[in-house]
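Every heavy atom of this structure was used, including side-chain atoms; hydrogens, water molecules and symmetry mates were not. Not measured: the values here are computed from a predicted model.
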Amino acid sequence: MDIDNIWNLFLEKMKEQINPMHFDTWFADTKLISLDENCAKVLVPMSVHKKHLKENYNDLVVELFTEITGTNFNFEYVLEEELKNNITIDTNEIGVPSVPFESNLDPKYTFDNFVVGQSNKHKFAKATSLAVAEKPGYMYNPLFIFGKSGLGKTHLMHAIGNYITKNSNMKVLYVTSEKFVEDFINIYRKNKNENNFEEVDSFKKKYRDIDVLMIDDIQYLEIANKTQQEFFNTFNELHCNNKQIIISSDRSPDDLNKLEERLRTRFNWGLTIDIEPPDFDLRMDIINKKIEVNNISSVFPEDVKEYIASNCTSDVRKLEGAIIRVSAYAVMMNGSEITLDLAIEALKDYFVKSIISKNKVEQVQQIVAEHYNITVEDMKSKKRNSNISIPRQVAMYICRIALEESLPKIGMEFGGKDHTTVMHSVDKIKKEISNDENFKNEINKLISKIK
Ligand code: ADP
Ligand code: MG
C-alpha cells in the first residue's frame with residue numbers, strides 16, 4: 001500500500017467521525033507526503049489549517065491513523081512553501097494582527113453559548129455559520145441571516161467574527177447598517193462641500209480593505225438610496241475578491257422590496273438562513289443555559305422555568321429579560337426564595353407589555369404633548385420650530401429608551417420620519433440629560449406616567 005492509499009483510508013475514517021462541513025474545511029485538501037520512522041508529514045493548503053489541525057484535531061488524527069498503521073506517528077503539518085524553501089513558518093503568529101484594527105466585535109457572543117437544542121433549523125443555522133467562520137469567503141458568500149427581532153442574528157454574527165479573529169489574522173469588520181449609512185452620509189456631505197477625497201479614501205479603506213464585512217440589520221438601508229449604491233459597489237468589490245460578506249435582516253431578501261433589485265439579487269447568490277422563533281423545548285434549553293452561566297440554576301425551580309418558557313414565545317431577548325427580572329425581584333424581596341408565585345408577581349406587567357406596545361407609543365405622545373402644551377398632530381408633523389421639535393425629540397427618546405421600540409418603528413409612528421432622524425433625536429436628548437439634572441428629572445417624571 002502506498003502512502004496515498006493510506007491517507008485515503010484515513011480520510012474515509014475521519015469523514016465518519018466529524019461533521020461533513022468540518023471535514024471539508026480542514027481535511028479535504030490535505031495530503032500525506034512522507035512517513036519516516038515515527039513522523040508523518042501532511043501537506044496542508046493554508047497556515048490556518050496548520051494551526052487548526054495541530055490545536056484541535058491532532059489527537060483524533062493520531063488515534064485514527066494508529067488504527068490503520070498500528071504505529072504511533074507524530075504529525076507534522078506543512079505548507080507547500082515550507083517544503084520548497086525548507087523552512088518552518090511559525091503559526092503562533094497567526095491570530096495577532098499586525099496593526100490594531102477595530103472590528104466592533106463583542107466577545108460575549110460565541111458559538112459555545114449559542115444554544116440550538118434539538119431544533120434542526122437552529123442546528124443548521126449554527127453549522128452553516130461555523131462553516132463560514134472556518135473558511136470565510138469560500139463556501140457561502142454572502143451569508144444572509146434573517147429572522148424576527150431577538151432571535152439571535154446579532155449573536156451569530158459576532159460568534160462568526162470572534163471565531164475568525166481567534167483562528168486567523170483576517171480583518172473582520174462588524175457594523176450595523178445604520179453605522180454604514182452614517183459613515184457614508186458623513187463623507188458624502190464633506191465631499192460635496194470641500195472636495196475632500198481623503199475622506200472618501202478612508203471610507204473605502206475602512207470598508208474594502210478587510211477580509212470579512214458584516215452588516216447587521218440591512219433593512220435600514222431600504223430608505224437610504226445613495227447609500228445603497230455605495231453599498232452595492234462595496235459588495236461587488238469584496239465579493240469579487242472572495243472576501244466574505246455576512247448580512248442580517250428582519251426579512252428575507254425578497255421581502256426587502258424597497259431595496260434595489262440588483263442588491264436583492266446579490267443577496268440570493270450565497271446562502272440564506274432563516275432563524276425561526278424557538279419552540280418550547282429550545283426555550284427551556286436556552287433558559288437552562290442562561291441560568292447556568294449566571295450561576296443561579298440551583299435556585300431556579302422547574303415550574304418557574306416552564307412559566308417563563310410558556311409565556312415568552314417569540315423572542316429570546318425577552319426570555320433573558322424575564323430571567324433577570326425574576327432574580328432581581330427575589331433579591332429586592334430581601335432574598336426570598338424563587339417560587340412560581342414570586343415569578344408571576346415579578347413578571348406581571350412584563351408579558352403583557354408587548355401586546356399593548358402600540359398603545360404605549362400613543363400614550364407617550366399624549367403625555368409628552370400635554371406636558372409641552374402642543375398637539376399630537378403637531379408632534380407628528382414636519383414642523384421644525386423648537387417648541388415642537390423638542391417635545392418630539394423627547395417623545396422619540398422615551399419610546400426608544402423606556403419602550404425599547406425600534407428606530408424605524410418610532411419613525412413610522414411619528415409621521416413617517418427617517419430612522420436616522422430618530423437616532424439623532426435620541427442621541428441629542430441623551431446628551432442633554434447627561435448635562436442637565438433638572439431636564440433628566442423632568443423626563444423621568446414623564447416616563448413614570450406611562451401606564
Ligand atoms: P437579533 O439580532 O436577532 O435581534 P440577538 O442576537 O441580539 O437577536 O439576540 C437577543 C438575545 O438573545 C441575545 O442576548 C442573545 O445572546 C440571545 N439569544 C438569541 N438566540 C439565542 C440562542 N439560540 N442561544 C442563546 N442565546 C440566544
Ligand atoms: Mg440584532
Side-chain angles (χ1 to χ4, degrees), residues 106-119 122 148-155 158-159 276-361 363-364 367 397-406 430 433-434 437 440-451:
D106 185 340
K108 85 167 179 270
Y109 297 126
T110 61
F111 283 119
D112 284 343
N113 58 25
F114 189 79
V115 183
V116 296
Q118 293 304 309
S119 151
H122 281 78
K148 297 227 163 59
S149 167
L151 297 184
K153 302 181 294 293
T154 300
H155 186 137
H158 284 281
E276 287 183 340
D279 61 15
F280 182 82
D281 289 338
L282 180 51
R283 297 201 293 275
M284 284 297 278
D285 289 340
I286 294 173
I287 293 174
N288 279 322
K289 178 81 178 185
K290 303 272 168 195
I291 58 181
E292 181 196 310
V293 169
N294 289 305
N295 266 328
I296 45 176
S297 300
S298 57
V299 295
F300 238 85
E302 208 59 23
D303 54 359
V304 171
K305 293 186 216 163
E306 281 168 9
Y307 179 68
I308 295 176
S310 331
N311 281 285
C312 284
T313 51
S314 58
D315 184 338
V316 181
R317 191 177 287 120
K318 204 144 172 95
L319 205 70
E320 287 182 327
I323 298 170
I324 293 168
R325 210 169 229 242
V326 169
S327 349
Y329 196 78
V331 173
M332 248 160 46
M333 303 305 281
N334 296 321
S336 3
E337 192 186 338
I338 297 180
T339 59
L340 184 56
D341 282 345
L342 178 133
I344 292 173
E345 179 65 24
L347 299 171
K348 191 164 72 203
D349 307 321
Y350 188 73
F351 291 140
V352 283
K353 195 182 142 213
S354 51
I355 305 167
I356 53 170
S357 87
K358 183 168 168 50
N359 304 349
K360 291 231 167 166
V361 172
Q363 232 192 79
V364 168
I367 292 169
Y397 170 85
I398 294 179
C399 289
R400 180 73 180 148
I401 301 299
L403 307 184
E404 294 177 8
E405 285 297 351
S406 71
K430 229 184 236 169
I433 281 179
S434 65
E437 194 68 19
K440 184 175 164 184
N441 291 336
E442 189 180 326
I443 303 251
N444 281 340
K445 242 187 225 149
L446 292 172
I447 291 177
S448 71
K449 286 187 184 164
I450 308 172
K451 285 194 201 75

Glu442 and Lys445 ion-paired at < 4.0 Å
no
Say you draw a straight line from OG of Ser149 to CD of Glu404; how long is it, rounded to the nearest 0.5 Å?
10.0 Å
Using a 3.5 Å distance criterion without hydrogens, assess whether the side chain of Arg317 forms a donor-acceptor pair with backbone atoms of Leu151.
no
Would a distance-only check, ignoring hydrogens and angles, find a side-chain to backbone donor-acceptor pair under 3.5 Å from Glu292 to Ser297?
no
Nearest heavy atoms of Leu342 and Ser336, plus distance in Å
CD1-OG, 3.9 Å
N/O donor-acceptor pair under 3.5 Å between Asn294 side chain and Ile296 backbone
no
Do the side chain of His155 and the main chain of Thr110 share a donor and acceptor less than 3.5 angstrom apart?
yes
Would you say Asp106's side chain and Tyr109's backbone share a donor-acceptor pair under 3.5 angstrom?
no
Just by modelled atom types, is the Lys148 backbone N or O under 3.5 Å from a matching donor or acceptor in the Lys153 side chain?
yes
Backbone N/O of Gly150 and side chain of Lys318: donor-acceptor pair under 3.5 Å
no
The criterion is salt bridge (charged side-chain N to carboxylate O under 4.0 Å, His left out); which residues satisfy it with Glu302, sequence neighbours excluded?
Lys305
Rounded to the nearest 0.5 Å, the CG atom of Leu282 sits from the CD atom of Gln118 at a distance of 10.0 Å
Output all residues satisfying salt bridge (charged side-chain N to carboxylate O under 4.0 Å, His left out) with Glu276, sequence neighbours left out; order by chain, then residue number.
Lys121
Answer yes or no on whether Lys289 is positioned over the face of Phe114, meaning its NZ or CZ is under 6.0 Å from the six-membered ring centre and within 45° of the axis.
no
Give me the atom names and distance for the closest heavy-atom approach of Ser327 to Phe300.
OG-CE1, 4.1 Å
Indicate yes or no for a side-chain donor-acceptor contact from Lys449 to the backbone of Val364 under 3.5 Å, with no hydrogens or angles considered.
no
Smallest separation among heavy atoms of Leu403 and Val361, with atom names
CD1-N, 3.8 Å
